[in-house]
There are 2 protein chains.
Amino acid sequence: MPLAILLIERGGSPYKGMWALPGGFVGPDEDLDACAKRELHEETAVDAPFLLHFANFSAPDRDPRERVISVAYLALLRSDLVVPNAGSDAAAVRWFGTDELPPLAFDHARIIEAAVGSLRARLDDGEMIFRLLPERFTLSELQAAYEAVAGKRTDKRNFRNKMSGLRLVRETGEMTRGPHRPARIFVRA
Amino acid sequence: MPLAILLIERGGSPYKGMWALPGGFVGPDEDLDACAKRELHEETAVDAPFLLHFANFSAPDRDPRERVISVAYLALLRSDLVVPNAGSDAAAVRWFGTDELPPLAFDHARIIEAAVGSLRARLDDGEMIFRLLPERFTLSELQAAYEAVAGKRTDKRNFRNKMSGLRLVRETGEMTRGPHRPARIFVRA
DNA sequence: ACAAAAGTGTTCTAGGTACACCCATGA
DNA sequence: TCATGGGTGTACCTAGAACACTTTTGT
């Protein structure tokens, strides 16, 4: 499953009918993290437990209506499990594979580029990747998540060696069942 | 020469008479980078050719007067050469060693902590460190700059080996003169 | 001659990469 | 027995860290 981006179809002008990142204005009694979480929920009905700030976008004319500074956040979620619902201001919401992105409103294409770069740079921190996995997972599932985000394949043995060095996961002692050899089940360390 | 921070003494309330980071409000026709550069110049008469954004600070009550979101930037300059002059709103301006910081207004102590961390994390990018050096420099000068920022000593041979790997500098063929063995003069690659 | 700073190599360890085959299960 | 995915080890290379002495100049 490739990396995908959650976009909303704009219901109003400017850029009416084009796709854009969810977002909105910060309230007087919330910090930026809370704002990002709230706006995402209001516009897509998606809850992202962990959001990461990665850049600001502040060119004076990036919104034709008025001066807007965007504080950009990213989250990692399982697009196969998270079903978005269009909320306020959004005509529609859906996931787009990174290779099938539509034309985007404002400077949002640039924002997505920056987001993917930041995400890949932080993959080994071990904070984000587990958002793509159930609580209990196999090493093959973990590797698939890594590869989806990194956008490239990795050797299985090298991946497992690296993981045992990073100490991000802990074995449960339990095994999967299925029409093939059982796999060890791990949890986050 | 240890790492130092440029602070202004606040001329008005709140926190009148306390020390704080320079800063101000973004104008309608400038982006955040330009704002940071302008505010620094207005308040301290210092020109920083390269500013790096490292974090936002947005707790709703961090300024007792009104809601203020701070977009924090850092620059690296030679505190021995850059002489600040108090400008608008500032009663005084001066450099403080990181080990002799006064009590700070607002949440600026936290901002400085974050800044030093970000700076150290990016030292090897090769973007910042040359701000501390003249155009032509010796490897010993470069190493001294590294050590000042990193806050710790480094082995000379290891430092030089690392540098020749990073390819950040180029030899000029010229040498220094002085009451000791001449040193090769380098420039940025 | 001496004071001051420049310059130089080797060994060890850890982490990254390339690479191919056998194993356990359910159907 | 076959299809499916799980699981394993070695050799090589590179980067980082520890470590001490000789060289060149001006005074």
Side-chain angles (χ1 to χ4, degrees), chain A residues 1-2 78 80 120-126 129-130 132-189, chain B residues 1 80 120-126 129-130 132-189:
Chain A
M1 180 116 43
R78 302 178 62 182
D80 57 337
R120 287 180 178 157
R122 288 165 202 264
L123 247 193
D124 285 352
D125 296 2
I129 193 65
F130 297 104
L132 292 182
L133 296 169
E135 201 178 336
R136 297 150 47 82
F137 50 84
T138 67
L139 290 181
S140 293
E141 288 166 342
L142 178 58
Q143 184 174 356
Y146 256 84
E147 291 177 347
V149 176
K152 62 184 177 196
R153 291 292 182 80
T154 312
D155 178 81
K156 200 196 327 187
R157 284 162 293 186
N158 292 341
F159 180 80
R160 287 153 113 99
N161 288 341
K162 180 174 171 175
M163 276 303 123
S164 70
L166 290 182
R167 305 200 165 282
L168 297 178
V169 299
R170 200 178 66 238
E171 218 176 316
T172 59
E174 289 168 273
M175 308 288 284
T176 58
R177 299 237 233 133
H180 52 73
R181 179 169 174 177
R184 300 178 212 262
I185 296 176
F186 290 78
V187 294
R188 221 185 139 169
Chain B
M1 180 115 43
D80 57 336
R120 288 181 177 157
R122 288 166 201 264
L123 248 193
D124 286 351
D125 296 4
I129 193 65
F130 298 105
L132 292 182
L133 296 169
E135 200 177 338
R136 296 149 46 83
F137 49 85
T138 67
L139 290 180
S140 293
E141 288 166 341
L142 178 57
Q143 183 174 356
Y146 256 84
E147 290 176 347
V149 177
K152 62 183 178 195
R153 291 293 182 80
T154 312
D155 177 81
K156 198 191 337 184
R157 285 162 293 185
N158 291 342
F159 181 79
R160 287 155 113 98
N161 289 341
K162 180 173 170 176
M163 276 304 123
S164 69
L166 291 181
R167 305 200 163 283
L168 297 178
V169 299
R170 197 178 69 238
E171 217 176 315
T172 60
E174 288 168 273
M175 308 289 284
T176 59
R177 300 237 231 130
H180 51 73
R181 177 168 175 177
R184 299 176 213 261
I185 296 176
F186 290 78
V187 293
R188 222 184 137 171

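Reminder, nothing fancy here: chain letters follow the sequence lines and each chain counts from 1.
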Original post:
Going by number, which of residues 133-153 of chain A have a non-hydrogen atom under 4.0 Å from DNA chain C?
Top reply: none
Subject >> Atom of Ala189(A), atom of Arg167(A) and distance for their closest heavy-atom approach >> reply: CB-O, 3.4 Å
Subject >> Closest non-hydrogen atom pair between Thr138(B) and Ala183(B), with its separation >> reply: CG2-CB, 3.7 Å
Original post:
Got Asp124(B) and Tyr146(B) here, is their nearest side-chain heavy-atom distance under 4.5 Å?
Top reply: yes
**OP:** Determine yes or no for a side-chain-to-main-chain donor-acceptor pair under 3.5 angstrom, with Arg153(B) supplying the side chain and Glu147(B) the backbone.
**Re:** no
**OP:** Would you kindly give the CZ-to-C1' distance between Phe159(B) and dC19(D), to the nearest whole Å?
**Re:** 18 Å
Subject >> Spacing of Met175(B) atom CE relative to dT23(D) atom C1', expressed in whole Å >> reply: 11 Å
**OP:** Take Ala183(B) and Arg177(A), find for each the nucleotide of DNA chain C with the closest heavy atom, and name the residue whose nucleotide sits nearer the 5' end.
**Re:** Ala183(B)
Original post:
Rounded to whole angstroms, how far apart are CD on Glu171(A) and C1' on dG6(D)?
Top reply: 13 Å
Subject >> Rounded distance (Å) that lies between atom C1' of dT24(D) and atom CD1 of Ile185(B) >> reply: 15 Å
Original post:
If you take all heavy atoms of Leu133(A) and Glu141(A), which pair is closest and at what distance?
Top reply: CD2-O, 3.7 Å
Original post:
Arg170(B) side chain to Val187(B) main-chain N or O, any donor-acceptor pair under 3.5 Å?
Top reply: no
Original post:
Arg188(A) side chain to Glu135(A) main-chain N or O, any donor-acceptor pair under 3.5 Å?
Top reply: no
**OP:** Classify the nucleic acid contact of Gly178(B) as base, sugar-phosphate or nothing, counting any heavy atom under 4.0 Å across all strands shown.
**Re:** sugar-phosphate
Subject >> Any donor-acceptor pair under 3.5 Å from Gln143(B) side chain to Thr154(B) backbone >> reply: yes
**OP:** Consider the side chain of Pro182(B), meaning its heavy atoms from C-beta on, and name the nucleotide among dT25(C), dC23(C), dT25(D) that approaches it most closely.
**Re:** dT25(D)
Original post:
Rounded to the nearest Å, what distance is computed from the NE2 atom of residue His180(A) to the P atom of nucleotide dG26(C)?
Top reply: 10 Å
**OP:** Look at the aromatic rings of Phe186(B) and Phe137(B) and report parallel, tilted or perpendicular, splitting at 30° and 60°.
**Re:** parallel
**OP:** Looking only at side-chain atoms of Arg181(A), point me to the closest of dA24(C), dG26(C), dT25(D).
**Re:** dA24(C)
**OP:** Mark up nucleotides 8-17 of chain D, 5' to 3', with B wherever a protein heavy atom is under 4.0 angstrom from a base atom, S wherever such an atom reaches only the sugar-phosphate, and - elsewhere.
**Re:** BB-------B
